[in-house]
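All remarks here apply to the structure that follows.
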Amino acid sequence: MAIEVKGSPNPTRICLGTARFGSGIPEDQAVAVLDAYTAAGGNFLDTAHIYAAWEHGGWGASERLLGAWMAARRNRDRLFLATKGGHPPLDDWDRDWPGFAGLQRELGESLERLGVDWVDFYWLHRDDPRQPVGAVIDSVAQLMEDGGRIRAYGLSNWSPRRIAEAMEHAAKWGLPAPAVSQPGWALADWALQEPPFPGMRYFGEEDRRWHMKTQTPAVAYSAQAKGYFGAENAAWARAGFAGPPPRGREYDSPENRSRLTRAAALAEKKGSSANQIALAWLLAQPFPVYALVTTSQSGRMPELMAARNIGLSESERDFLAP
């Protein structure tokens, strides 16, 4: 089952992440990327209330830039727009989950920045395992009843066990259920012991088994493994892996070097890039997957979007990551 939201357009399989738009990626570059993405047929935009609070003056920049761009292009109805809430403050990671009142405030601020009356999709940005799942889902259900400002919702960085509990609670009480999960996931596995920020969750064997069983869609963030399958790293692999990788050092490991080598070999066979092969691998999973990409270069967008058209057989998929 793909992501289907009543009253909204069907989202494209390549989703555009906008975390640094208007902050680390200047406005003119971000607008050019957005224009190139939609020109190539993309419509699935991902932002968050917390973006880009880690940069001076950046908090809310992503949502504000998207809002100005949508107003200028008059294209809101053609987009599948997603934002997130419920992230702890960056200076207080142990703060309790904000509850309904906090989510209501954050959603209101997000909608104001975006200049819209509703979002097609809303993510709970982080899980707080200290909170009973039922209380969290009750709060989201209440938020969804609050003026139709959210059409559907999903869970970002949640474990399969907690997502299953959320679905069971929603079914028991007749509440809207989470429709999608959003883990960090790429052809390259995260190689460091800890994620860069608390509460981030990377896709593992438990996630794979659960998604296979339930066929719940996944939206994979960090789908490009921070450039690990890009042209610079492909050249590094051809040169015999001399020194550290130019990009995506957090993903570097013997196994991921093997995956890069196999992706580059398959790319040569198919007349594509290794990065396209890595994205196509996500899209070829035996359950629905959407790959979340980001770039500061509008000229790269045709390559990224063309990954949708690279079909991988089951044997090719398993060749890349046995």
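The structure displayed is predicted, hence computed values, not measured ones. Each residue takes its place number in the sequence, starting with 1.
More than 12 heavy atoms of other residues, nucleotides or ligands sit less than 6.0 Å from atom CD of Glu316. Crowding of Glu255 atom CD: a count of heavy atoms from other residues, nucleotides or ligands under 6.0 Å exceeding 12. Counting non-hydrogen atoms of neighbouring residues, nucleotides and ligands closer than 6.0 angstrom, the CD atom of Glu205 exceeds 12 such neighbours.
The closest donor-acceptor contact from the side chain of Asn256 to the backbone of Tyr251 lies under 3.5 Å. Formation of a donor-acceptor pair under 3.5 Å by the Arg74 side chain with backbone atoms of Ala71 is not found in this model. Between the side chain of Ser258 and the backbone N or O of Pro254, at least one donor-acceptor pair lies under 3.5 Å. Panel note: side chain Glu268, backbone Ala265; no donor-acceptor pair is recorded below 3.5 Å. Between the side chain of Trp281 and the backbone N or O of Gln285 there is no donor-acceptor pair closer than 3.5 Å. Formation of a donor-acceptor pair under 3.5 Å by the Arg249 side chain with backbone atoms of Pro244 is not found in this model. In this structure, Arg126 contributes its side chain and Gly86 its backbone to no donor-acceptor pair below 3.5 Å. The backbone N or O of Ser272 lies less than 3.5 Å from no partner atom in the side chain of Glu303, so there is not a single donor-acceptor pair. Under a 3.5 Å cut-off, the side chain of Asn233 and the backbone N or O of Pro245 do not form any donor-acceptor pair. Within the 3.5 Å criterion, the main-chain N or O of His49 finds a donor-acceptor partner in the side chain of Trp59.
Residues Tyr153 and Tyr122 keep their aromatic ring centres 6.0 Å or farther apart. A ring-centre distance under 6.0 Å is not found for Trp185 and Tyr221.
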Exercise. Which is it for Val33 and Ile25 under the side chain to side chain contact (heavy atoms under 4.5 Å, CB included) test, yes or no, and what are the steps along the way?
Worked result: CA-CA 10 Å; Val33 170; Ile25 299 176; 5.7 Å; no
Problem set entry | Working for salt bridge (charged side-chain N to carboxylate O under 4.0 Å, His left out), residues Glu168 and Arg161 | CA-CA 11 Å; Glu168 290 167 6; Arg161 179 183 62 81; over 6 Å; no
For this session: Could you walk me through whether Thr18 and Ser62 pass the side chain to side chain donor-acceptor pair (under 3.5 Å) test, one step at a time?
Result: CA-CA 6 Å; Thr18 65; Ser62 171; 2.9 Å; yes
Problem set entry | Worked check of side chain to side chain donor-acceptor pair (under 3.5 Å) between Asn43 and Tyr37 | CA-CA 8 Å; Asn43 71 350; Tyr37 174 68; 4.9 Å; no
For this session: Could you walk me through whether Leu34 and Phe21 pass side chain to side chain contact (heavy atoms under 4.5 Å, CB included), step by step?
Result: CA-CA 10 Å; Leu34 287 163; Phe21 283 17; 3.8 Å; yes
Problem set entry | salt bridge (charged side-chain N to carboxylate O under 4.0 Å, His left out) between Asp120 and Arg76, intermediate numbers included | CA-CA 10 Å; Asp120 301 279; Arg76 169 66 188 97; 3.0 Å; yes
For this session: Check the pair Asp127 / Val136 against side chain to side chain contact (heavy atoms under 4.5 Å, CB included), numbers first and verdict last.
Result: CA-CA 9 Å; Asp127 187 18; Val136 175; 5.6 Å; no
For this session: Determine, stepwise, if the pair Arg151 / Val119 fulfils side chain to side chain contact (heavy atoms under 4.5 Å, CB included).
Result: CA-CA 7 Å; Arg151 290 184 172 175; Val119 288; over 6 Å; no
Problem set entry | Working for side chain to side chain donor-acceptor pair (under 3.5 Å), residues Trp69 and Asp35 | CA-CA 9 Å; Trp69 174 76; Asp35 286 342; 2.8 Å; yes
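Contact between Leu260 and Ala237 at its shortest, heavy atoms only, is CD2-CB, 3.9 Å. Between Thr216 and Val180, the shortest heavy-atom distance links the atoms CG2-CA, 4.3 Å. When all heavy atoms of Ala141 and Pro176 are compared, the pair lying nearest together is CB-CD, 4.0 Å. Nearest approach of Val140 to Leu103, heavy atoms of both residues: CG2-CD1, 4.3 Å. Between Gly154 and Pro178, the shortest heavy-atom contact is CA-CB, 4.5 Å. The minimum heavy-atom distance linking Ala307 with Gln276 is given by the pair CB-O, 3.8 Å.
Taken to the nearest 0.5 Å, the OG atom of Ser296 stands 7.5 Å off from the CZ atom of Arg20. Note that OG1 of Thr295 and CG of Leu16 are 9.0 Å apart. Values are rounded to the nearest 0.5 Å. Summarising the geometry, atom OG1 belonging to Thr38 is positioned 9.0 Å from atom CE belonging to Met305; distances are rounded to the nearest 0.5 Å. With rounding to the nearest 0.5 Å, the separation of CG in Asp318 from OG in Ser313 is 8.5 Å. To the nearest 0.5 Å, atoms CE (Met167) and CD1 (Ile137) are separated by 9.5 Å. Remark: Asp146 CG to Leu107 CG distance equals 7.5 Å, nearest 0.5 Å.
Using the six-membered ring where Trp is involved, Phe80 and Phe121 have ring planes that are tilted, between 30° and 60° apart. Taking the six-membered ring for Trp and thresholds of 30 and 60 degrees, Phe287 and Phe203 have nearly parallel ring planes, at less than 30 degrees apart.
Checked by atom type, the side-chain pair Gln29/Ser298 shows no donor-acceptor distance below 3.5 Å. When only modelled atom types and interatomic distance are considered, Asn275 and Gln224 share a side-chain donor-acceptor pair under 3.5 Å. Between the side chains of Asn157 and Gln182, not a single donor N or O lies within less than 3.5 Å of an accepting N or O. For the 3.5 Å distance criterion, the side chains of Glu63 and Ser110 qualify, holding a donor opposite an acceptor.
With respect to Glu206 and Arg201, a salt bridge is recorded, a charged nitrogen being found less than 4.0 Å from a carboxylate O. Salt bridge absent: Lys84 and Glu106 never bring a charged side-chain N and a carboxylate O closer than 4.0 Å. The pair Asp117-Arg149 does not meet the salt-bridge criterion, since no charged nitrogen lies less than 4.0 angstrom from a carboxylate oxygen. The pair Asp189-Arg259 meets the salt-bridge criterion, with a side-chain N (NZ, NE, NH1 or NH2) lying under 4.0 Å from an Asp/Glu carboxylate O.
Note on Phe100: it does not cluster hydrophobically with Trp118, by side-chain heavy-atom contacts below 4.5 Å among ILVMFWY residues. Transitive grouping of hydrophobic side chains (ILVMFWY, heavy atoms separated by less than 4.5 Å) brings Met200 and Trp158 into a common cluster.
At a threshold of 4.5 Å between non-hydrogen side-chain atoms, the residues Asp46 and Val219 do not count as touching. Val5 has its side chain out of reach of Asn10: every pair of non-hydrogen atoms, C-beta onward, lies at least 4.5 Å apart. A heavy-atom distance below 4.5 Å is found between the side chains of Ser181 and His211. The shortest side-chain heavy-atom distance between Leu292 and Phe44 does not fall under the 4.5 Å cut-off. Between Pro183 and Tyr202 the shortest side-chain heavy-atom distance does not fall below 4.5 Å.
The residue from Arg238, Lys226, Arg247 that alone fulfils the salt bridge (Lys or Arg N to Asp or Glu O under 4.0 Å) condition with Glu232 is Arg247.
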